[in-house]
Amino acid sequence: MKHTGILAVFILLIQTLSAQIDPVNRYAQQIWSMNLKKHLTVIASDSFQGRETGTIGQRMAADYLSNEFRKIGLKMPQGLNRYQQMYPLQKDSFIASKLMIGNETLESMEDFLIPLRSNHFFDMQASELVFMGYGIDETLYNDYFEKDVSGKIAVMVTGEPKRNGKYFISGSDKVSDWNLEKKLRRASEAGAIGVLFIERADQKFSERQIRRNKSTSIYQVSVNPPQLPHAMITWKTAIKFLHTDFESIEGFAKEQLFLNEHRPAMIKNVSISFTKENQIIEASNVLGMIEGDSLKDQYVFLTAHYDHLGIQDGKIYNGADDDGSGTVSLLEMARVFMKAKKEGIKFTRSIVFMAVSGEEKGLLGSEYYADHPVFPLENTSVDLNIDMIGRVDTERKKADTLSYIYVVGHNKLSSDLQRINERANNKSTRLTLDYKFDDPNDPNRIYYRSDHYNFAKNGVPVLFFYDGMLQSDYHQPTDDIEKINWPLFERRLRMIFHTAWDMVQMPKMLKRDLTLKD
Ligand SMILES: [Zn+2]
């Protein structure tokens, strides 16, 4: 009896000691796929309508997250309302466009298209059009030479001329900076009242171009002043108001030859108009935190984007993996970190859980955060970003498909990243950490394609965790919850949790000793 008693005390002592030495494993084991599934069943359901930024679906997801943050007991950072950092967005909705050449009315989206974002309301008639070649004004190539476009509508071809297989302006394989914006600026300086751009090689507008311009577009509030009214027209349309012999010019332009010798006469009398609805709307990033102890003014960020692609052509894009998986990962890690805190664990620095929106519109939510940080970026030790960790990359042909994760950014900004992440992984989950996407020759440029980049560009070390989905159901309405691999998802998240824990508890912030360049 006595012996057993001592043994029991001894075992208890060992358990207590080992828990004190490294409690992280014990807590990492409490990341459960059951909880991930419970949240993802809601977040990736049809009722959230694909969570498109600026729509009701996104606001429903934000409400769900802020409710869960409150239930978990996360602290709301100062200055926020319902855990949300609001930010403005521009929302443009196409109403109507009209183009008449002579007596002929052309068909919108078929013969011509008026870019939704870069045009405001306009309604104009012109009795004269001037063909301006490529609309380029350089010393060695000047489409403006001896032409008067003042008070007239300029017609120009998109793209740039080539000579001997190289672009003439840059002298290389790359185009110069004569993009549409620069061409519009030059035309405006010359007094043009509008521009018709001839799409260089295409007879038709692409599906993507049509979708972007005929419905609604949500984007960053623009700081640029309104541009000159402009429309895109197809070659077929262009030929209608250029001299018949101008058809040969189509060949020239396709080959991207010099155009400034050609000055065809054109039909006069063109009328063109455009109307859209233009609103400022709001979206949000959702932030909750667990306050640290001795270094609570330093922060470890855990991020994921909760927005997705909404409804397109009547189909709901549920984005279960992209990035429902990252979103519910934040909730589950927050729950377990909070449990540890309530059970007496002291966290050295503060942990911030941030679910951002606007990612699918161009990393807008995280960009807004980086420009308006709630906590100083210089005190933000690291951002661990999760964007898709719930599936197996269908392109992966190795035998480790049930035990890998892509880790991106391991060799940038801080030499601590790889060391801490690998140590955490070796101690516990033992996944294959694949650094494929850090190869500078990788064409996918993954490092620049999710929200961590807005931290990285401000010098904050980042790691990005990713399952590698680029094909299959990526950005398809079939990215659904049924396709999630729950055991793998859970295992990957335990590894990330472990890494985060170690970064919260280490004595110093991650050192910033490497550059963004490889
Ligand atoms: Zn994503």
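Both ligands and their constituent atoms are indexed starting at 1 by order of listing. Just the heavy atoms: all of them, side chains too, but no hydrogens, waters or symmetry mates, feed the values below.
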Find, among atoms of H305 that are N, O or S, the one nearest to the Zn ion (ligand 1), and state its name.
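In H305, the heteroatom (N, O or S) nearest the Zn ion (ligand 1) is NE2.
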Shortest-distance N, O or S atom of D322 relative to the Zn ion (ligand 1)
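Nearest N/O/S atom of D322: OD1.
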Basic-acidic side-chain contact under 4.0 Å: E199, K204:
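The answer is no: the pair does not qualify as a salt bridge.
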Taking 4.0 angstrom as the limit, do D467 and R391 come out as a salt bridge?
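Between R391 and D467 there is no salt bridge, as every charged N stays at least 4.0 Å from the carboxylate O atoms.
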Using 2.8 Å as the threshold, say whether any N, O or S atom from D387 sits that close to the Zn ion (ligand 1).
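Given the 2.8 Å cut-off, D387 counts as a ligand of the Zn ion (ligand 1).
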Give the ring-plane orientation class for F464 versus Y466, where under 30° counts as parallel, over 60° as perpendicular and anything between as tilted.
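Geometry flag for Y466 against F464: parallel rings.
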Under 3.5 Å, side chain of E490 to main-chain N/O of S33, donor-acceptor pair present?
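The answer is yes, because a donor-acceptor pair under 3.5 Å joins these two groups.
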